[in-house]
Undergrad: 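Quick one: the structure is below, and I'll ask about it shortly.
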Amino acid sequence: MPSSWTRSVNAVLGGLVVAVGAWLASNAVSVYTAAVVFTAAAAFLSWRGRTVTGIWAWTTFLLGLECFAWPIMTMLQIRSAGGDPSDEDMGAILSATFMGLFSAVFWIAFSYGLFKRSNDGTPPGEPVHARKKR
């Protein structure tokens, strides 16, 4: 069981990752909004993450959700500019859609593996063949 300061440091680092992800996804987040996202994410991670693996499982899951929201945010920003989108705008939407969905699938699948590992109940140093079979 990790000490409380180790969990706290990892929750703060996870909150920073989530805040940077929100900043990259929306492209227009103010410093105040980024600070609110950072504080909320760090508080959520320290509340839900009982272990370091659990903290990073939640962090990667939230990052996957942000990657999923990235194309939606891009479309909303281009639509709010008014008028018909140009070819460059359509290219930005296409890039955001492909990269956002690919990244979202990757991060959510990665978080699934971390969630599975954190609920496995076996110590990380134990060999794979010695683990319990379900």
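For the numbers below, each heavy atom of this structure counts, side chains included, while hydrogens, waters and symmetry mates do not.
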Undergrad: Nearest 0.5 Å, please: how far is CD in E88 from CD1 in I78?
TA: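 Spacing of CD1 (I78) from CD (E88) equals 10.0 Å.
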Undergrad: Any chance you could measure R50, atom CZ, to I55, atom CD1, to the nearest 0.5 Å?
TA: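 CD1 of I55 is found 11.5 Å from CZ of R50.
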Undergrad: Partners of W70 by side chain to side chain donor-acceptor pair (under 3.5 Å), sequence neighbours excluded?
TA: none
Undergrad: For the atom pair CZ (F61) and OH (Y112), what is the distance rounded to the nearest 0.5 Å?
TA: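 Rounded to the nearest 0.5 Å, the CZ-OH separation comes to 13.0 Å.
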Undergrad: Could I get the full list of side chain to side chain contact (heavy atoms under 4.5 Å, CB included) partners for A19, not counting sequence neighbours?
TA: V37, F38
Undergrad: Quick check: closest heavy atoms across R7 and S46, and the distance to 0.1 Å?
TA: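 Taking every non-hydrogen atom into account, NH2-O, 3.5 Å.
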Undergrad: I'd like to check the side chain to side chain contact (heavy atoms under 4.5 Å, CB included) partners of T39; sequence neighbours left out, ordered by chain and number.
TA: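 T39: no side chain to side chain contact (heavy atoms under 4.5 Å, CB included) contacts found.
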Undergrad: Looking only at heavy atoms, which two atoms of T53 and S118 are closest? And how far apart?
TA: CG2-CB, 3.8 Å
Undergrad: How far does OG1 of T74 sit from CG of D89, to the nearest 0.5 angstrom?
TA: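 That separation rounds to 10.5 Å.
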Undergrad: For a side chain to side chain contact (heavy atoms under 4.5 Å, CB included) check, start with the C-alpha distance between T97 and M75, then their side-chain angles and the critical distance, and finish with the verdict.
TA: CA-CA 9 Å; T97 302; M75 288 182 229; 4.0 Å; yes
Undergrad: To the nearest 0.5 Å, how far apart are OG1 in T59 and CH2 in W107?
TA: 10.0 Å
Undergrad: Does the side chain to side chain contact (heavy atoms under 4.5 Å, CB included) test come out yes or no for V9 and L13, once each step is laid out?
TA: CA-CA 6 Å; V9 166; L13 291 174; 4.1 Å; yes
Undergrad: Do side-chain atoms of S103 reach the backbone of G100 as a donor and acceptor pair under 3.5 angstrom?
TA: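 No.
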Undergrad: My understanding is that a hydrophobic cluster links ILVMFWY residues whose side chain heavy atoms are under 4.5 Å apart, including indirect links. Using that, what else belongs to the cluster containing F98?
TA: L94
Undergrad: If we ignore hydrogens and angles and just use 3.5 Å, is the side chain of S80 paired with the main-chain N or O of Q77 as donor and acceptor?
TA: yes
Undergrad: Quick check: is L114 connected to V17 through a chain of hydrophobic side chains (ILVMFWY, heavy atoms under 4.5 Å apart)?
TA: yes
Undergrad: Following the transitive rule for hydrophobic clusters with a side-chain heavy-atom cut-off under 4.5 Å over Ile, Leu, Val, Met, Phe, Trp and Tyr, establish whether L62 and F115 coincide in one cluster.
TA: yes
Undergrad: Could you work out, with side chain to side chain donor-acceptor pair (under 3.5 Å) as the rule, every residue matching S30, not counting sequence neighbours?
TA: T33
Undergrad: Do you know the tightest heavy-atom contact between P71 and A96?
TA: CG-O, 3.3 Å
Undergrad: Linking I/L/V/M/F/W/Y whenever any side-chain heavy atoms sit under 4.5 Å apart, do Y32 and L16 land together?
TA: no
Undergrad: Can you name the closest pair of heavy atoms from A42 and V12 and give their distance?
TA: CB-CA, 4.4 Å
Undergrad: Please determine whether residues F68 and V18 belong to a single hydrophobic cluster, defined as Ile, Leu, Val, Met, Phe, Trp and Tyr linked transitively by side-chain heavy-atom distances below 4.5 Å.
TA: no
Undergrad: Parallel under 30°, tilted from 30 to 60°, perpendicular over 60°: which one fits the rings of F110 and F106?
TA: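 Ring orientation, 0 to 90° scale: parallel.
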Undergrad: With sequence neighbours excluded, tell me which residues meet side chain to side chain donor-acceptor pair (under 3.5 Å) with W47.
TA: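 Checked W47 against side chain to side chain donor-acceptor pair (under 3.5 Å); zero matches.
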Undergrad: If you compare all heavy atoms of S111 against all heavy atoms of T60, which two are closest, and at what distance to 0.1 Å?
TA: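 Nearest heavy atoms, S111 then T60: CB-OG1, 3.0 Å.
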Undergrad: What is the distance from atom CG of L63 to atom CH2 of W58, rounded to the nearest 0.5 Å?
TA: 14.0 Å
